[in-house]
Each structure stands twice: as structure tokens, then as C-alpha cells.
Amino acid sequence: MRTIDLPPQGPGHSAPLTHVEFRPDGKRLVSCSYDGSVLVWDTADPARPTPLARLRHRRLVNASAWNPADPEVLATASADKTVAVWRVDDRGRTTLHTVLARHTDDINAVAWLPDGERLICVSEDGRATLWSAADGTFLAEVGAHEAHCMMVSVSPQGLVATVGEDGLVAVSDPDGTVPPLTRRYDSSIEGCAWSHSGRLLAVARDDGAVDLLTAALDVVRTVAVSTSAARAVAWAEDDTSFVVGAYDGALHHFALDGTLRHRVEDRRVWPRSVAVAHGVVAAGSFWNGPHLYDLTTGRALAGPDTATHGPNALAQRGDELLVGTDSGLVVAVTEGAPARSTTLTDGPILSLTTDGDTLYAGTYSGHVLRHDGTTLVSSPALGAPVPSLTVHEGSVVAGTYNGEFLLLDPDTLDVRERIEAHDGSVKSLAAVPGGFLSAATDRTVTAGGPHGRSTLWEHGNLVNAVAALGSEAAASASRDHTVKAGRLTRLPDGSLRAARVQTLLGPDESVKCVALLGTAERPVVLAGSYDFGLYAWHIDWDDSAATLASGRVLAEFTQGVSCMLRLQDGTVAVAGWDGRVLVVGLDADGHPVIERSLHLTDLLHPPTAPPTTAQGTARAVESRAA
């Protein structure tokens, strides 16, 4: 397994932050990142956090946990399928102590038992496992979920709570003195935290609510937080309040009785993780460092100083390739001409589409932006991130994290209609004649217009992307490590159906994006994975075994491959979170070849000019509309 090799950007991270965790005394903060690194910060003065140490994994780092018995011991959990146990002294000197390396899938979270000798690890494979930190010995399996296990929290009494995408909340006692308990929800659960007394368990739900449960899993209170998913929760030290990070891009501070004390919104913040210690709140970020706030007032104490420009979305406008990034920057690339860049927002752009000369961008903050080259217009707040966009019959179609299709007026971006389309985030939309394809976290790929859609096929896990060749062939990429491809046929009623669906293997991690080269009769499928590989398969609709044997790695990135787009000339643009962009075509024999390679770092150097008056006015318009 190759390591992540992102160039450092000053003292912070080079990619978005996935997790933050205070040491109990509040004097140290850990931040974990997609760049494969862990930074330990001196937060004795929370207004001036200073990095002390940098630790490394070979894939993105999902979580960390300080040892409750020894304040110099830290555990870090990674998508490289390991948990590392480190010693970090107060001068920043580090020693790798143990590696827990028998996991079968990405580790999503880790927590110590009160004895400081044993660790609970929860994984994408759904398992919660118990380990000895001293020598890395696997001790027992303490729980299992039907889908990904997302978070673990251990009470001062040693009760282990785990939650997962299957909606299960499970409480167990590794020492066997308390019988196991479960509670089931209809929505995915990705965050949980015991109060410091161990009396209450806060559970962050995908439907935007937080439940406060007793140790017996009885509901004490349900707190409505957001129209989008509640993702993380942390308690104040006196247990009189708690902070929730939600996918509306905000931090919400609630009193124990459910009263909202204040709400903090910053489009740079990624509230996938929050932490509280000694009156200070820390949150993850799409920029290069953590955000720190005063718990009582919500006042910003410190924040990151440098944007990361990881590509998330591609579109084409005339002869320009447009690249949307984590920083809100859109880079326009034209062969033989200098690149141009426009800042549309200060948070991540998740999706792009064009209609003639007009560009539409979907944001993590839950807006759709319209840019015609001079003026920027924003939709009202849509209530959830917008990971997918397309244009259909005079409307902009926004696929949201809440599973909706929103039909927007293409000029004003007012919402014309809300349609409940999927039982999960609409991750990808692909236009086809007469309609569009959609891929979602409910594992399905569907086809049709906004209403009356048909299911083409399902994956074994969430579907990250879908692509089409007209209305004759399609392919999809999934977290189940596979790609599916199928022929499309149109029935007399106009609906699309799939035939000769084939499963393509090769990646050993989630497949993030997909595109097709060539013709529908003999296509080449390209797919990019979190394992840094760009894969290619030749499709033989009559011989699936031949297709399976055709897969190969076409190129390797130094980070996950994030997005693809079939261009008007039949080539495919491919971008990775490391900033690399490739253009792939077919040679005379029909084999995929890399025709061009460029890098956003080179395109953005020298630094871009300050925004024009029109751009500055556009951002002000967006801010007011939000």
C-alpha cells in the first residue's frame, strides 16, 4: 500500500480535516486529515494553536483518541486498516508504540476503555473489536452492525456504545457485567458520545435530530438540529450542554433541555467532527487547520489560514475544462492558454454543470450558484449539501444529501419543485436523452425524468457516481469496491431498462468516480478509487469473463481519484484530490492512453489576481442570499 504524498502547505494539513480531539486538559488538540497525517497542536492558548508534532499513516486518517490513563499516549485510526498507538510528549517528540494491523477494512473510529490498556476499534466491515494496546493483540469482537460501523464512545463506567449506517445503536460491556442492549432507528447513525458522567448517550441522526438516551437506551429527549444530517456531537465538561456538527455546515450549541444557545456558521468548517474542552470548541475544516470557538459565546478564537484546492467536480463550457475545488475556486483550463480562476464561494464546490455559457455549482453549504462570467447568483438555502447537478427540460436539477431532486429556475434559482427521489444522498446525476441517471447512497442507480423513475441496478453499498454514453450504455462506481456497466434499452413507454449488466473488479477501496470512452457497442470504462488508482476495462457485452480479465491500472495518483467527465471530443478528464488532472483518450487500437497531464498547483502559480469588482459583488450577493 503506497503512502499519501501530498506536499505540505505550511504548518497545517494539505487536505480537509476529518477529525479533531482535545486532550482532557485542553492543552493539546489532535487533527486528522485526508492527507494521511495527524497533527498535534499546542492549544494552551486556544487563540494561538501551534503545531507540535506530525504523525503519518498510509491512507486518510479518520479518528484519534487520547489515553485516559496516560496523557502522552494517543491512538489514531486510518483507512489503511490500522490503528497506531503513539507516545507524544509535551515537547512534541513522538514514538510509535504499537500498530493494530489485523483489521479487514477502514477504521472509522477508536476509543479507549477506562483502564487505558484496551482499545475499541470500529470499522467499515461493521465490526467493533477489542484490542490490547500493549502488544496489538486482538482480544474479542464486542459488537457487529449490518452496515458500516461509524462511531464508538466509551462511558466512564466502561460501557461501549457503537452506531452505524444500519441505524443500530448498540451498548455492550466488554467485561460482561452488563447485558448488551440495542435500539434501532430508520435513519443512519454516524455520531455518538457519552456524557462525562456516563448517564446520557447523545446520538446524532442522519435525519437531522439528536437523541439523548439513558444507559438503558430509553429516550430522554429528541432535539431537532438541522434539515440535514447531524454528524457529530460532543459534551461540555459539566454535561449541561452539548455541541452538534451538522451537514448544514454549522455548529449548534444546545442546553441540556434542548434549547439552542447559539449557532456558528462558517463555510470553511467541516462539522464531521467536533470536540469540547475547557470552554473551547474545536471543529474540522475543509481548509488546512482546525477551527476553535468559545463555547459560551460562539466567538471564533482561531482558524485555518490556507485553503486546500482539492478537485471535487468537473464541467465543460465550450473549449474550457472547469474544475471545482474544496476552496470554492473554479479553475478554467483551455489548452494552449493560461488557466483562469474564479472564486464562487469560500466553502467546497461539490458539483458542476453547464448550460451554454452559464455555469451552475452545487455547494456543501446547501446552495446552487449561477455564474454567467460576470454575475453570480445564489439560490436560497436548500437545506442540505448539493453533491450532484444536471439540466433537464428548462430546469436545473439539484440532487441533495437529503435524497431529493430539487427543480430550480435556471435564472433565479428559486425552487420550483421538491421531489423525494432516493432513500439516501443523491451522489451523482448524468444526463441522457429525455432524462437523466442518478446514483445514491441507497445503493441504487435509477433512470428517467424527475418523476416515475425506474431502477437500473443495485450495488452492495452506496453508489458514488454514474455515467452514460447517450441512452445506450451506463456505468456506476460504488463503495463496495466494484464498478457496474450495462447496456440500456428504451421501452415503448419511453423508460430505460438495463441489460447485460457486468460487475468489474480491481480496486481494493471505494470507487469514487466513473466514465466511459469509445462507443456503446465496445466501450472502455474508466474508474477512479480511494486506493489512488485509475482503472480501465474493455467491455465485451457477450463475454463477461473477458471483460473481467481486461481490467488494469492506467495511472496512479498520490491521493484518491475524485471526479471524471466525458468531454465533447470523446476524451475523458480525470481529477484527483492531489490536484492532478489527466485527459484520457483511445489510441488507434482502441486502448486508453493519457493524452495530457496537468496540475492545479502549476495552473494556480503565480497566485491568482484579486477578485474583480464583479466577482466581489457576486460573493456579496451570495452571502445575502444565504
Side-chain angles (χ1 to χ4, degrees), residues 2 4-6 15 34 309-317 319-326 330-335 339 349-354 387-388 427-428 430 439 464-469 474-478 481-483 485 504 506-507 509-518 523-539 550-587 590-604:
R2 295 177 297 112
I4 292 174
D5 186 23
L6 288 180
Y34 267 110
H309 301 296
N312 289 317
L314 299 171
Q316 188 172 17
R317 182 173 58 192
D319 58 356
E320 291 181 322
L321 173 63
L322 305 175
V323 185
T325 69
D326 277 327
V330 173
V331 182
V333 182
T334 304
E335 189 171 10
I349 291 171
L350 302 184
S351 52
L352 293 174
T353 193
T354 58
S388 54
K427 302 278 281 185
S428 178
N464 282 311
V466 64
L469 271 178
S476 58
S478 172
H481 302 187
T482 73
V483 173
L504 315 178
E509 292 191 32
S510 178
V511 191
K512 183 68 172 66
C513 50
V514 68
L516 295 101
L517 284 166
V524 172
V525 174
L526 299 178
S529 171
Y530 278 87
D531 70 8
F532 307 174
L534 170 61
Y535 294 81
W537 296 265
H538 286 270
I539 302 296
S550 74
R552 67 184 181 93
V553 176
L554 182 63
E556 292 183 337
F557 288 66
T558 57
Q559 248 285 15
V561 185
S562 58
C563 47
M564 294 184 180
L565 176 71
R566 183 180 170 96
L567 303 176
Q568 294 167 4
D569 63 2
T571 61
V572 169
V574 182
W577 277 312
D578 59 4
R580 188 181 177 196
V581 180
L582 305 179
V583 176
V584 181
L586 297 177
D587 64 16
H591 298 296
V593 293
I594 297 169
E595 297 185 356
R596 283 194 291 153
S597 177
L598 49 93
H599 202 287
L600 288 188
T601 301
D602 300 327
L603 297 175
L604 297 173

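Between L582 and S597, the closest heavy-atom pair is CD2-OG, 3.4 Å. Residues P507 and D531 share a closest heavy-atom pair of CA-OD2, 3.4 Å. Smallest separation of non-hydrogen atoms from H538 and S550: N-OG, 2.9 Å. Contact between A527 and V483 at its shortest, heavy atoms only, is CB-CG2, 3.5 Å. Taking both residues in full, the closest heavy atoms of S428 and A465 are given as CB-CA, 3.5 Å, listed atom of the first, atom of the second, then distance. Minimum interatomic distance between A313 and C563 (heavy atoms only, all atoms of both residues): N-SG, 3.6 Å.
In this structure, the side chain of N312 does not engage the main chain of G324 through any donor-acceptor pair within 3.5 Å. Using modelled atom types, no side-chain atom of T325 and backbone atom of H309 make a donor-acceptor pair closer than 3.5 Å. Formation of a donor-acceptor pair under 3.5 Å by the T558 side chain with backbone atoms of L6 is not found in this model.
Interatomic distance, OG of S510 versus NE2 of H481, reported as 6.5 Å (0.5 Å rounding). How far OG1 of T571 is from CG of L565: 9.0 Å, rounded to the nearest 0.5 Å. Note that OG of S562 and CG of N464 are 11.0 Å apart. Values are rounded to the nearest 0.5 Å. Taken to the nearest 0.5 Å, the CG atom of L567 stands 4.5 Å off from the CD atom of Q316. Separation of atoms CZ (R552) and NE2 (H591) is listed at 8.0 Å; rounding is to 0.5 Å.
By the 4.5 Å heavy-atom criterion applied to side chains, L504 and T482 are not counted as neighbours. Side chains of V511 and S478 form no contact here, defined as non-hydrogen atoms less than 4.5 Å apart. Considering only heavy atoms from C-beta on, Q559 comes within 4.5 Å of F532 through its side chain.
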For L321 and V581, what are the C-alpha separation, side-chain angles and deciding distance, and is it a side chain to side chain contact (heavy atoms under 4.5 Å, CB included)? CA-CA 10 Å; L321 173 63; V581 180; 4.0 Å; yes
Let's go through V574 and F557 carefully: what are the C-alpha distance in whole Å and the side-chain angles of both, what is the deciding distance for side chain to side chain contact (heavy atoms under 4.5 Å, CB included) to 0.1 Å, and is it a yes or a no? CA-CA 10 Å; V574 182; F557 288 66; 4.0 Å; yes
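Just one of L603, V583, D319 meets the side chain to side chain contact (heavy atoms under 4.5 Å, CB included) condition when paired with V333; it is L603.
Considering only residues two or more places apart in sequence or on other chains, Y34 meets the ring-ring contact (aromatic ring centres under 6.0 Å, His included) condition with W270, W577. For L517, the side-chain contact (heavy atoms from CB on, under 4.5 Å) test picks out V524, L526, V572, V584, L586, P592, with sequence neighbours left out.
Listed by first and then second residue, the salt bridge (Lys or Arg N to Asp or Glu O under 4.0 Å) pairs involving residues 568-582 amount to none (not counting sequence neighbours).
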